[in-house]
Amino acid sequence: LEEPLLFEVGHVETTGVDLPEPSSAATRLGGMDRAEAIGLPGLSEPEAVRHYTRLSRQNYGIDLGFFPLGSCTMKHNPRLNEKVARMPGFADVHPLQPVQTVPGALEVINELANWLIDLTGMHGVAMSPKAGAHGELCGILCIRAALEARGDARKVVLVPESAHGTNPATAAFAGYEVEDIPATAEGRVDLEALKARLGPDVAAVMITNPNTCGLFERDMKAISDAVHAVGGFVYCDGANFNAIVGKVRPGDLGVDAMHINLHKTFSTPHGGGGPGSGPVVLSEALAPFGPLPYVVRDEDGEVHLVEEENADQYGHTQAFGRMTAFHGQMGMFTRALTYMLSHGADGLKQVAEDAVLNANYVLRSLDDVLDAPFGPSGPCMHEALFSDDGFAEDISTLDLAKGLIDEGYHPMTMYFPLVVHGAMLIEPTETESKAALDQFIAALRSVAGRAKAGDATLKTAPHYAPRRRLDETLAARKPVLAYEEPVAPSGQPTMSEQGGR
Amino acid sequence: LEEPLLFEVGHVETTGVDLPEPSSAATRLGGMDRAEAIGLPGLSEPEAVRHYTRLSRQNYGIDLGFFPLGSCTMKHNPRLNEKVARMPGFADVHPLQPVQTVPGALEVINELANWLIDLTGMHGVAMSPKAGAHGELCGILCIRAALEARGDARKVVLVPESAHGTNPATAAFAGYEVEDIPATAEGRVDLEALKARLGPDVAAVMITNPNTCGLFERDMKAISDAVHAVGGFVYCDGANFNAIVGKVRPGDLGVDAMHINLHKTFSTPHGGGGPGSGPVVLSEALAPFGPLPYVVRDEDGEVHLVEEENADQYGHTQAFGRMTAFHGQMGMFTRALTYMLSHGADGLKQVAEDAVLNANYVLRSLDDVLDAPFGPSGPCMHEALFSDDGFAEDISTLDLAKGLIDEGYHPMTMYFPLVVHGAMLIEPTETESKAALDQFIAALRSVAGRAKAGDATLKTAPHYAPRRRLDETLAARKPVLAYEEPVAPSGQPTMSEQGGR
Amino acid sequence: MRYLPLTEADRSAMLETIGAPDVDALFSDVPEEARLTGPIEGLPMHASEMAVEKHMRRLSKKNLAASDAAFFLGAGAYKHHVPASVDHIIQRGEFLTAYTPYQPEIAQGTLQMLFEFQTQVARLYGCHVANASMYDGSTACWEAVAMASRIARGKKRKVVLSGALHPHYAEVVKTMAKFTEDEIAHASPALQAQPDNDGLIARIDDDTSCVVVQYPDILGRVTDLQPIADAAHEKGALLIVVNTEPVALGAIKSPGEMGADIVVGEGQSLGVGLQFGGPYLGLFAVTSQKHVRQMPGRLCGETVDAEGKRGFVLTLSTREQHIRREKATSNICTNSGLCALAFSVHMTLLGEKGLRRLALENHRLACHAVERLSKVPGVTVLNDSFFNEFTIRLGTDARKVVRTLAERDILAGVSLGRLFPDNADLADGLLVAVTETTTEEDIETLASALEEVLS
Amino acid sequence: MRYLPLTEADRSAMLETIGAPDVDALFSDVPEEARLTGPIEGLPMHASEMAVEKHMRRLSKKNLAASDAAFFLGAGAYKHHVPASVDHIIQRGEFLTAYTPYQPEIAQGTLQMLFEFQTQVARLYGCHVANASMYDGSTACWEAVAMASRIARGKKRKVVLSGALHPHYAEVVKTMAKFTEDEIAHASPALQAQPDNDGLIARIDDDTSCVVVQYPDILGRVTDLQPIADAAHEKGALLIVVNTEPVALGAIKSPGEMGADIVVGEGQSLGVGLQFGGPYLGLFAVTSQKHVRQMPGRLCGETVDAEGKRGFVLTLSTREQHIRREKATSNICTNSGLCALAFSVHMTLLGEKGLRRLALENHRLACHAVERLSKVPGVTVLNDSFFNEFTIRLGTDARKVVRTLAERDILAGVSLGRLFPDNADLADGLLVAVTETTTEEDIETLASALEEVLS
């Protein structure tokens with residue numbers, strides 16, 4: 001089923017929305033009336049529904065099968081959350097409505113904030129960041145604001161080699177120099193090496209815990225104490241919070257700031273690449289610097305919106321500014337709060353336990369056919385890490401991953417973390433059943449066997465997907481980033497001959 | 001992607017609905033507590049969503065492609081209709097609520113009834129029939145009630161050979177003997193033959209207009225007059241109303257009763273086989289006998305529900321009874337009314353015009369490669385009819401149809417009407433674009449060429465569908481109509497080894 | 001028009017291919033005097049999605065939605081919580097916009113679902129085989145009576161209906177019987193704690209093709225059906241059991257276990273919702289293999305494809321009217337496919353554990369309501385046994401009480417006067433249903449309001 | 001727990017495979033003093049779908065939904081009618097639950113949609129290339145400023161912001177600039193019929209990396225940008241144009257036509273809805289090919305697969321932080337994929353014809369509102385030009401008037417006092433937005449209420 005481009009089937013005269021014909025009255029557009037053709041083809045509703053339904057079927061999604069993606073926590077998205085987000089009182093309210101008309105919306109933000117604070121053992125939370133990386137930036141800016149407030153112009157942020165790429169990018173964006181922290185042979189931060197580097201020039205250490213090798217940083221508290229001892233702050237990347245939610249509170253380990261990906265741990269849908277949401281929980285030391293706007297509940301239980309004009313009133317005078325125009329990802333807040341209320345404190349603890357149980361089950365069901373570099377040192381957390389050790393010479397991790405597509409699965413995370421050669425990182429999450437894992441394990445065992453035997457058909461996989469391997473080099477060398485109508489000698493220039501199936 | 005049966009993946013201890021654990025309090029169930037295991041496996045929500053999403057992908061639907069089904073009017077189902085049907089005031093009201101609490105629901109029924117009356121030029125409408133066949137039965141029962149009311153015990157209903165199978169079935173169900181009416185070589189009812197058969201024993205004639213050959217019965221008015229002249233009634237099968245909606249009113253042609261398939265002409269979704277809805281419009285002679293309950297609007301504009309107890313008050317004392325427990329297919333009424341309001345009188349006329357235009361375009365774009373038995377006599381209405389004349393000896397209409405599946409299409413209606421050998425009936429409807437028709441025509445020309453050339457691969461088509469040809473004989477000879485767990489020697493009896501992909 | 005893809009240019013090009021001067025030429029077979037020249041008068045012209053939605057929302061808001069009231073209506077239609085994922089699944093285009101699965105190669109989704117549905121219904125009912133759904137409970141009930149007549153081959157003409165059968169169901173049977181000339185024995189029920197099973201049994205004779213009872217019955221009573229089954233079978237009659245609340249069967253014995261031959265019912269409780277009465281979902285099952293070929297409606301069966309893979313098809317369709325014409329076994333053509341899907345998804349989400357818990361939660365709240373309402377001065381509870389619905393007597397015309405309470409957004413139940421308008425003896429009866437959606441606060445609201453109104 | 005498929009039996013079997021005595025053994029790396037032994041205190045336990053839905057509905061009902069009011073708010077977020085099919089499509093599991101399309105073989109649906117989206121945005125903006133979306137308009141605006149700095153390679157440090165730029169957007173730019181040490185030139189706008197373009201031009205100097213203007217501006221004014229573009233280019237600065245109402249571009253000239261280098265904006269108007277401010281949709285496009293590799297965010301490009309079939313991939317990702325780490329061109333990782341889909345579907349349904357009609361219908365109703373409101377004693381209309389939003393002066397504190405009217409379910413607009421709390425000169429200004437969802441009755445309601453309140 002091939003589907004042509006919209007620009008090949010649509011017409012500028014077709015519309016799927018009935019609107020009155022324009023009247024001939026004079027406009028008051030300042031003489032800027034748009035005269036030229038824009039080039040936007042339309043489709044009637046039947047055509048549009050079919051176009052997008054067909055396109056959708058070229059996608060893979062959680063609703064169709066398992067996503068063994070490390071660090072991405074692709075879990076089931078409950079349908080209740082979608083229903084709640086569409087309630088008119090949430091979906092159909094304007095961010096600048098008089099606050100008297102939106103107490104329920106403010107309560108949602110406040111309730112969710114309280115859940116996040118309680119689950120992490122922290123002191124405050126900045127709700128407005130729009131995604132994980134935006135949350136990281138917010139956290140680092142809080143740290144910088146706190147340091148500046150005490151007149152401390154530190155220059156360096158320490159980041160482990162195995163960190164998500166967003167960590168060093170964020171630190172650089174906030175004006176810091178980034179230095180690596182080495183890892184032990186066991187895949188954890190080298191505490192002694194870190195201590196040796198710490199000093200008065202270090203603004204912060206950014207740690208991921210559980211780390212990107214799927215291991216818990218046993219020395220986390222000692223790391224925090226050491227960083228605090230030299231006047232620095234500890235930023236924790238919360239992308240892997242799903243492994244410990246309800247089991248461990250980062251605040252108890254000395255963390256100063258941590259972003260929470262609501263689209264990972266709290267199951268707001270990924271949507272093919274967003275929207276996400278990245279609130280940042282903050283320690284007592286950093287909370288005063290959190291950005292505007294935010295929401296507080298007073299002693300009478302009433303909720304209030306704090307913005308620039310009334311920050312004094314609520315004692316929040318040191319905010320470092322505003323990260324986005326409005327209040328953050330409200331549509332994600334309603335979903336995440338619904339998810340939390342559904343699970344409750346007991347259910348969230350079970351989430352972490354089942355996620356870790358599933359990961360260890362995958363690890364131990366595969367470590368006889370795939371090399372698990374940190375397997376011997378004990379259980380993993382929520383994800384299982386393997387290397388390409390033992391593959392036939394010309395078969396790569398990428399080949400194995402594309403072979404998995406032919407078995408009906410999305411590939412795992414590949415070549416990350418960088419500390420392991422040909423890394424494969426598998427995070428099953430708690431919403432996969434044992435039966436689903438058993439099927440996946442059987443499929444992966446089979447592909448792994450072919451990789452070891454040097455099965456050449458893996459080099460050209462996938463064979464049964466909507467597309468064979470795509471030429472990414474061509475795409476980057478000669479970028480075609482927008483459609484352009486072919487110059488047609490005659491006939492209909494907007495309808496290609498390529499056809500619709 | 002194979003999907004196992006629910007009974008192979010589910011467990012009786014698994015549930016996707018959180019409910020409190022039963023208390024130990026005594027029950028008041030009359031001692032009839034259900035003790036034995038029932039055998040109903042459950043799935044958690046993630047598993048259930050995936051099970052049904054995967055199943056859905058083995059289906060074909062209008063959202064995916066064109067349905068060239070004659071007599072079935074598979075048109076686009078607007079999404080607004082789905083949204084409206086889910087409004088709480090329609091979806092969440094009980095049929096026995098005090099009428100004072102449901103004036104809006106009664107207005108919907110009344111508004112829709114008025115649209116149907118105006119569009120058909122009839123006098124009244126029975127809204128409660130649940131589907132087309134149920135509506136036919138309702139219409140025939142009205143006729144029988146009217147005849148009985150005048151003490152007239154007629155025994156015969158005349159039905160054309162080309163009629164839908166439901167017509168004779170309905171007449172038989174209502175206690176009538178069914179006799180055929182012959183057709184002319186042109187594919188229409190033979191008026192003279194009909195007149196010759198008419199007499200005082202004929203209760204009714206059941207006609208489909210446009211008929212199942214896709215032709216308008218030119219002599220409809222003359223037929224009606226002749227039937228009325230001998231004291232009989234004219235029933236018109238409304239399955240093909242889409243061809244003439246807004247262009248011709250059946251009431252103007254002397255029809256006494258006609259059911260309307262809301263799930264055809266008025267676009268309520270087929271849903272893989274229902275629910276439908278089959279209101280029956282009635283002439284002045286039959287309207288007094290329509291069943292209860294129904295809805296009337298008084299002179300003050302107020303709407304009232306008429307049931308057994310208050311039929312006197314509204315002068316509806318001759319109702320033949322009740323066809324169903326409640327008020328009919330309310331959920332379909334809201335969708336159909338939404339559809340009508342969207343199109344309006346002008347849009348509905350355009351519907352018929354575009355439907356007929358599309359059908360004639362298909363007819364004339366194919367009649368050089370396929371035999372069109374009634375093609376020479378002039379334009380068709382909303383569907384184009386072809387025969388298997390010219391196919392290679394061992395290739396059947398069925399083979400061609402299954403070959404069309406491999407081209408990405410649902411087959412057309414086959415072997416119906418019976419009056420044409422190897423008939424293929426194609427109804428494009430008005431919601432297919434010219435581009436979609438051109439693709440279909442190209443595909444059908446290609447398959448027709450193969451059928452003429454005797455391409456043996458057609459005999460085993462489809463090759464690219466989720467299943468190859470299925471053994472229907474086996475299914476009927478040894479019916480397996482419910483799942484039974486295999487007797488497992490050990491382990492988990494509810495989990496087959498067959499696996500999920 | 002947003003739903004019509006043809007452009008004016010398309011129309012011209014197509015007319016040219018056809019060789020017609022204009023669209024009206026295609027309608028030349030329609031006698032000119034019958035051809036309308038413009039849009040039908042008196043009807044509005046096309047309207048935008050926004051305008052139509054506004055109009056329909058206005059009508060919707062005129063109704064009191066069940067969720068906005070203290071709600072106690074039942075009598076054959078029950079308000080249950082439907083999981084959000086049910087609606088998500090039935091809105092998948094591949095289910096919503098699919099055709100009847102006559103082409104099994106591209107309809108395995110619908111067919112496998114129907115096979116699972118049939119199995120679920122058969123097990124719930126304690127039966128051998130269930131069909132792929134019917135219009136609703138009342139028409140399924142009639143189809144069962146007609147099937148019993150077919151099995152009796154016209155030699156037995158009497159149908160015995162329990163007085164405690166839903167009166168609308170009885171009305172549908174009587175309406176149809178007028179035309180098929182079956183004789184219907186029926187009377188309205190007496191307000192007693194126990195149904196009059198002995199009286200019913202006494203009415204069964206050798207001319208009886210079937211006996212129809214409801215379980216739990218219209219007054220909410222639960223009784224052992226085995227004696228009735230035995231009595232019917234002794235006279236060569238079939239026992240047809242009607243169930244209007246499938247959730248009950250998570251708590252009480254199945255009709256199949258107690259000797260029923262045909263079990264029919266309304267499936268609306270699971271997945272479908274109230275919808276002012278339709279579309280609903282008729283369930284139909286038989287306990288004996290020998291009756292399968294006499295069943296009405298569609299059946300989905302297992303088979304294999306040309307490569308030997310398991311697959312599903314509609315089968316035994318020689319019973320159906322599109323094939324068998326005047327010899328068909330039922331009036332059903334379209335059924336309730338999408339409602340069957342909703343039912344099946346909801347049942348799958350529940351599973352046996354969830355269904356049993358749901359049933360017991362309904363019963364627990366109903367027990368609480370019985371206890372609370374029995375303390376209201378003037379109220380007498382009729383039932384000894386019940387599941388989630390029971391009858392109370394108010395000592396005054398219940399219809400008026402219902403209307404009065406409706407003004408306060410309390411939908412107190414279904415008055416027996418509405419169901420049995422011809423029987424004044426029942427006028428003070430009120431049928432009260434309680435489900436998992438009912439809160440203790442709702443029950444208190446009803447009880448307090450009754451205390452006030454009845455004093 | 002309805003979302004957790006493991007049964008107790010599964011858990012035991014899995015622990016056995018792992019060789020662990022219990023689940024807690026898997027958490028042995030967590031120091032014992034940090035391990036929680038029971039559920040976190042003070043938080044509720046798990047709840048049924050029904051209970052959670054009820055709680056959330058209660059919170060939802062505390063808010064006044066825009067559809068239940070006479071509604072005139074804009075200022076960067078607009079209420080438009082979104083066709084029902086848009087929501088249907090974004091709820092398809094294959095779109096909703098898909099991951100970022102890093103595996104193009106099984107993500108062509110998302111990728112082709114993004115390619116179409118990029119083309120639609122580029123054409124709407126009169127640009128060459130658009131990216132695959134950003135968080136929202138305000139962050140896109142900041143990313144544009146940062147991009148201009150990158151292009152200036154740190155040699156130019158000054159950013160000139162128009163006073164008529166949305167103050168929240170200006171605030172975001174200023175916040176970020178504090179850390180990157182760009183110098184921001186900005187002042188709040190004067191209440192004049194025409195924006196002070198000459199003043200803006202006068203502030204551009206050789207140290208200016210970019211000039212940022214909004215079009216239509218925060219007061220609703222529409223002005224020719226070409227002179228500003230020319231002035232900027234003369235000093236080697238880039239012109240960044242911000243648009244917060246994409247519907248406007250169906251009626252007025254595109255920024256690309258008038259010399260903009262980077263065009264950014266908020267896409268919420270099409271497909272996305274109000275949602276109390278998020279998630280929204282940042283649009284980002286450039287007019288020159290040479291700036292493509294400096295763009296932030298994801299880009300989708302056309303290529304071929306191993307069989308030569310056309311396909312799409314994410315490309316030029318060496319700009320992105322997951323690859324380039326501290327050298328990345330932006331802070332974006334996750335973007336607004338699903339909102340981009342909603343925008344693209346809505347735009348496809350409109351098409352050029354629909355977009356133009358929609359724009360003119362907005363403008364027609366806005367003209368009507370201007371006319372009607374100008375007749376209210378005490379009201380002065382500021383604008384000469386506008387699209388669907390304009391500024392009126394009330395002669396009294398507009399914030400108070402807004403609050404008073406809100407009590408009558410009239411959401412009268414956004415007061416300039418709320419947007420510019422520090423500038424008392426603006427306190428009597430009210431920004432009024434009118435779209436196709438506004439009825440003439442709504443306008444009359446507002447006008448009458450203002451007559452009453454201002455008298």
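Proteins get letters first, then strands, A, B, ... in listed order; numbering begins at 1 in each.
In this structure, C:Y99 and B:H270 have tilted ring planes: the angle between them lies in the 30° to 60° band.
Residue C:E307 qualifies as enclosed at atom CD: its count of foreign heavy atoms under 6.0 Å is above 12.
Counting all heavy atoms, side chain and backbone alike, C:G250 lies closest to B:I38 at CA-CD1, 4.5 Å. Counting all heavy atoms, side chain and backbone alike, C:R123 lies closest to B:G39 at NH1-O, 2.6 Å. Nearest heavy atom pair, residue B:L96 against residue C:A75, reads CD1-CB, 3.9 Å. C:I18 and B:N360 get closest at one heavy-atom pair: CD1-CB, 3.5 Å. The minimum heavy-atom distance between B:E308 and C:E171, with the atom names listed, is OE2-CG, 3.7 Å. B:P98 and C:V402 make their closest contact through CG-CG1, 3.7 Å (heavy atoms, listed as atom of the first residue, atom of the second, distance).
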Pair B:T324-C:D136, side chain to side chain donor-acceptor pair (under 3.5 Å): steps then yes or no: CA-CA 8 Å; B:T324 179; C:D136 69 356; 2.6 Å; yes

Derivation of the side chain to side chain donor-acceptor pair (under 3.5 Å) call for B:N59 and C:T110: CA-CA 7 Å; B:N59 269 4; C:T110 294; 2.7 Å; yes

Side chain to side chain donor-acceptor pair (under 3.5 Å) between C:T303 and B:D471, worked out: CA-CA 6 Å; C:T303 186; B:D471 188 343; 4.8 Å; no

B:R322/C:S138 under side chain to side chain donor-acceptor pair (under 3.5 Å): CA gap, chis, key distance, verdict: CA-CA 10 Å; B:R322 188 181 272 265; C:S138 66; over 6 Å; no

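Only the side chain of B:K402 has a heavy atom closer than 4.5 Å to any heavy atom of chain C. Contacts of C:C300 with chain B are made by backbone atoms alone, with heavy-atom separations under 4.5 Å and no side-chain atom involved. The contact between B:L341 and chain C is made by backbone and side chain atoms together, counting heavy-atom distances below 4.5 Å. Interface remark: B:V84 contributes side-chain atoms only to the contact with chain C (heavy atom separation under 4.5 Å). Contacts of C:H128 with chain B are made by backbone atoms alone, with heavy-atom separations under 4.5 Å and no side-chain atom involved. Of the atoms belonging to C:R356, it is side-chain heavy atoms, and not backbone ones, that fall under 4.5 Å from chain B. Heavy atoms closer than 4.5 Å to chain B are found in both the backbone and the side chain of C:I252. The contact between C:E407 and chain B is made by backbone and side chain atoms together, counting heavy-atom distances below 4.5 Å. Contacts between B:L253 and chain C at a heavy-atom distance below 4.5 Å involve the side chain alone, from C-beta outward. Using a 4.5 Å cut-off between heavy atoms, C:K174 does not touch chain B at all. Interface residue C:M1: only side-chain heavy atoms are found under 4.5 Å from chain B. Heavy atoms of C:S67 lying under 4.5 Å from chain B belong to its backbone as well as its side chain. Residue C:R364 touches chain B through its side chain alone, counting heavy-atom pairs closer than 4.5 Å. Proximity to chain C is limited to the side chain of B:L69, based on heavy atoms less than 4.5 angstrom apart. Contact of C:F386 with chain B is made through backbone and side chain together, with heavy-atom distances under 4.5 Å. Using a 4.5 Å cut-off between heavy atoms, C:L36 touches chain B through backbone and side chain atoms alike. For a residue to count as touching a neighbouring chain, one of its non-hydrogen atoms must lie under 4.5 Å from one of that chain's; by this rule C:K309 touches chain B with backbone and side chain alike. When heavy atoms are compared at a cutoff of 4.5 Å, C:T223 approaches chain B solely by way of its backbone atoms N, CA, C and O. Residue C:Y280 touches chain B through both its backbone and its side chain, counting heavy-atom pairs closer than 4.5 Å.
Residues B:Q350 and C:Y3 form no side-chain contact, since every pair of their non-hydrogen atoms from C-beta on lies 4.5 Å or further apart. Looking at heavy atoms from C-beta onward, B:M32 lies out of side-chain contact with C:F387 at the 4.5 angstrom threshold. Counting heavy atoms from C-beta on, the side chains of B:Q100 and C:L64 never come closer than 4.5 Å. With contacts defined as side-chain heavy-atom distances shorter than 4.5 Å, the pair C:P279/B:M332 qualifies. Looking only at side-chain heavy atoms (C-beta outward), B:V17 and C:P83 come within less than 4.5 Å of each other. Side-chain contact between C:F276 and B:H94 is absent, with no heavy atoms from C-beta onward closer than 4.5 Å. By the 4.5 Å heavy-atom criterion applied to side chains, C:R2 and B:P78 are not counted as neighbours. A heavy-atom distance below 4.5 Å is not found between the side chains of C:M113 and B:S56.
Shown here are the side-chain contact (heavy atoms from CB on, under 4.5 Å) partners of C:P5, two or more places apart in sequence or in another chain: A:S44, A:E47, B:S433.
A donor atom on one side chain and an acceptor atom on the other are not found under 3.5 Å apart for C:Q275 and B:H327. A side-chain N or O of B:Y52 and one of C:T348 form a donor-acceptor pair less than 3.5 Å apart.
Taking the ring centre of B:F320 as origin, the terminal cationic atom of C:K178 falls outside the region bounded by 6.0 Å and 45° from the ring axis.
The pair C:E181-B:R144 meets the salt-bridge criterion, since a charged nitrogen lies less than 4.0 angstrom from a carboxylate oxygen. Between B:R34 and C:E257 there is a salt bridge, since at least one side-chain N of the basic residue sits less than 4.0 Å from a carboxylate O of the acidic one. Looking at B:R468 and C:E105, no side-chain N of the basic residue comes within less than 4.0 Å of a carboxylate O on the acidic one, giving no salt bridge. Taking the charged nitrogens against the carboxylate oxygens, B:K83 and C:E53 do have a contact shorter than 4.0 Å, which makes a salt bridge. Salt-bridge annotation for B:D63 and C:R92: absent, with no side-chain N of the basic residue lying under 4.0 Å from a carboxylate O of the acidic one. In summary, C:D384 and B:R28 do not engage in a salt bridge, as defined by a charged side-chain N under 4.0 Å from a carboxylate O.
Rounded to the nearest 0.5 angstrom, B:L363 CG and C:T17 OG1 are separated by 12.0 Å.
Put simply, of C:A34, C:G137, C:A132, the one with the most heavy-atom pairs under 4.5 Å next to chain B is C:A34. Ranked by heavy-atom pairs under 4.5 Å with chain B, the list C:L355, C:I40, C:L26 is led by C:L26.
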